[in-house]
Amino acid sequence: MELLKTLTQTPSVPGREDRIRDVIEQSVRDLNLFDEVHIDAMGSLIGLRKARPKDGAASSGPPVKILLAAHMDQIGFLVKHISDDGFVRVNPVGGFDTRNLFARRVRICTGSGDLPGVMNPGGRPIHIATEEEKKKVPEISEFFIDLSLPAEDVKARVRIGDMVVLDGPFEEIGSSVVSQCLDNRVGCWAQIRAIENLTHHNCDVYAAWTVQEEVGLRGAFPAAYEVDPDLAVACDTTLCCKTPGVPDEERVTVAGDGVCLHIMDSSMIGDIRLIEEIEAIASAANIKCQRGILPRGGQDGAAIQRTRRGVRTVAFACPIKYIHTVTEMAHRDDLNAYHRLLTAWLESV
Ligand SMILES: [Zn+2]
């Protein structure tokens, strides 16, 4: 869990993935997971672990090429304006629900270090707000960041384009972990764990940690084009709405019932034969998995699936409650099932 904690506490929004990529690269190099590691032009990190057959057995023909892909960006903001009195306005990169953005501690990551601040929408506090104002849900453009610094200091240190993230600690609560950006540091973590636990495998395993997924699957396209895989798994998260206030038929997944294999979401339909093969492996290895359909939302698998001549692709997704907030919650059983099933499948191909 220490690695997952570090991943969640390393800020990296779309187009600003340097910090998280450094952490992941260091981790995969320390664990000696790959034969080759490189960074592509957009900034995705791609590792290749060549086939390692049992007893060096010669395989018939070239190994199957498998691509695992997890996006390493998180939803956040880029600075778009600094007012004459030193308040900072932001542009979103990825989709926060503005109802979750009131009274947030934030960090502006500048070239000369991180600055703590607080984010709130403009307007009066509750004591003096009108009834009309209390009911209103503000637009993202109405939020501002207060760094409590003189305007000239803010202007000297903060630049248009600097990354802004919400602060949210990593904590183990009951049977779950809670943190900001479990979407998708869970997928990043699961790929590392799955490859770390591999023994023998007849396939060539490529693993990509992609950039800019939250703004439209942008990094996965060139990564998949370069790798040109035979099979692919996008490693991400999905909704878990078995919580009060949501009808049961809209729950998507159940926490604790294992990793979700996406039947479909609004970006792709998973390869059903591959899903069935993976389910058979899960059942034989006694690993919990569940099926889910996400009516709205996409993931990197959609970009990979449509690369070149098309790629047989499935999406693994960890059920996450309260997704796209700073209190995202993932069940430990689902986290474990996630990387165990990935390993079991890679060893079977
Ligand atoms: Zn995601």
Side-chain angles (χ1 to χ4, degrees), residues 4 7-17 20-21 23-24 42-45 67-77 92-97 100 163 165-166 168 170 177-194 207-221 223-224 232-241 252-253 255 259-268 270 292-305 313-331 334-335 338-339 342:
L4 182 56
L7 294 172
T8 62
Q9 299 303 306
T10 304
S12 285
V13 306
R16 303 286 184 275
E17 292 92 350
I20 190 70
R21 187 178 57 234
V23 171
I24 294 169
M42 277 189 77
S44 296
L45 178 73
L67 172 61
L68 308 182
H71 72 86
M72 57 182 172
D73 56 322
Q74 72 193 86
I75 53 176
F77 311 92
V93 271
F96 270 113
D97 182 342
N100 293 324
M163 147 169 81
V165 292
L166 303 187
F170 180 96
V177 299
V178 172
S179 177
Q180 58 150 343
C181 74
L182 289 178
D183 177 9
N184 183 35
R185 302 300 153 70
V186 162
C188 296
W189 170 86
Q191 280 189 180
I192 296 171
R193 282 282 166 267
W209 286 267
T210 62
V211 296
Q212 299 188 32
E213 190 267 359
E214 294 287 5
V215 287
L217 325 180
R218 296 180 191 173
F221 282 102
V233 171
C235 297
D236 208 326
T237 57
T238 191
L239 306 191
C240 177
C241 304
V252 184
T253 60
V259 58
C260 170
L261 304 177
H262 259 195
I263 296 298
M264 68 176 290
D265 56 37
S266 58
S267 68
M268 74 171 244
I293 286 184
L294 183 63
R296 275 207 310 277
Q299 36 68 42
D300 274 347
I304 300 166
Q305 184 180 50
T313 303
V314 299
F316 273 44
C318 186
I320 304 280
K321 291 188 200 170
Y322 325 116
I323 201 163
H324 284 201
T325 73
V326 293
T327 58
E328 293 181 334
M329 181 182 269
H331 198 289
D334 301 337
L335 294 170
Y338 197 138
H339 68 79
L342 267 181

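What's counted below: heavy atoms across the whole structure, side chains too, no hydrogens, waters or symmetry copies. Atoms within a ligand are numbered from 1 in the order they appear, just like the ligands themselves. Because the structure is predicted, anything quoted here is derived from the model rather than measured.
Here E213 does not reach the Zn ion (ligand 1): none of its N/O/S atoms is less than 2.8 Å from the metal. Because the distance cut-off is set at 2.8 Å, D183 qualifies as a neighbour of the Zn ion (ligand 1) through one of its N, O or S atoms.
Using bins of under 30°, 30° to 60° and over 60° for the plane-to-plane angle, the ring pair F77/F96 lands in the parallel bin.
Side-chain contact annotation: N100 with T325, donor-acceptor N/O pair under 3.5 Å absent. Inspection of the D265 and Q299 side chains reveals an N or O donor paired with an N or O acceptor under 3.5 Å.
Between atom OG of residue S179 and atom CD of residue Q9 there is a gap of 5.0 Å, rounded to the nearest 0.5 Å.
Taking the N/O/S atoms of H71 in turn, the shortest distance to the Zn ion (ligand 1) belongs to NE2. Summary: OD1 is the N/O/S atom of D236 found nearest to the Zn ion (ligand 1).
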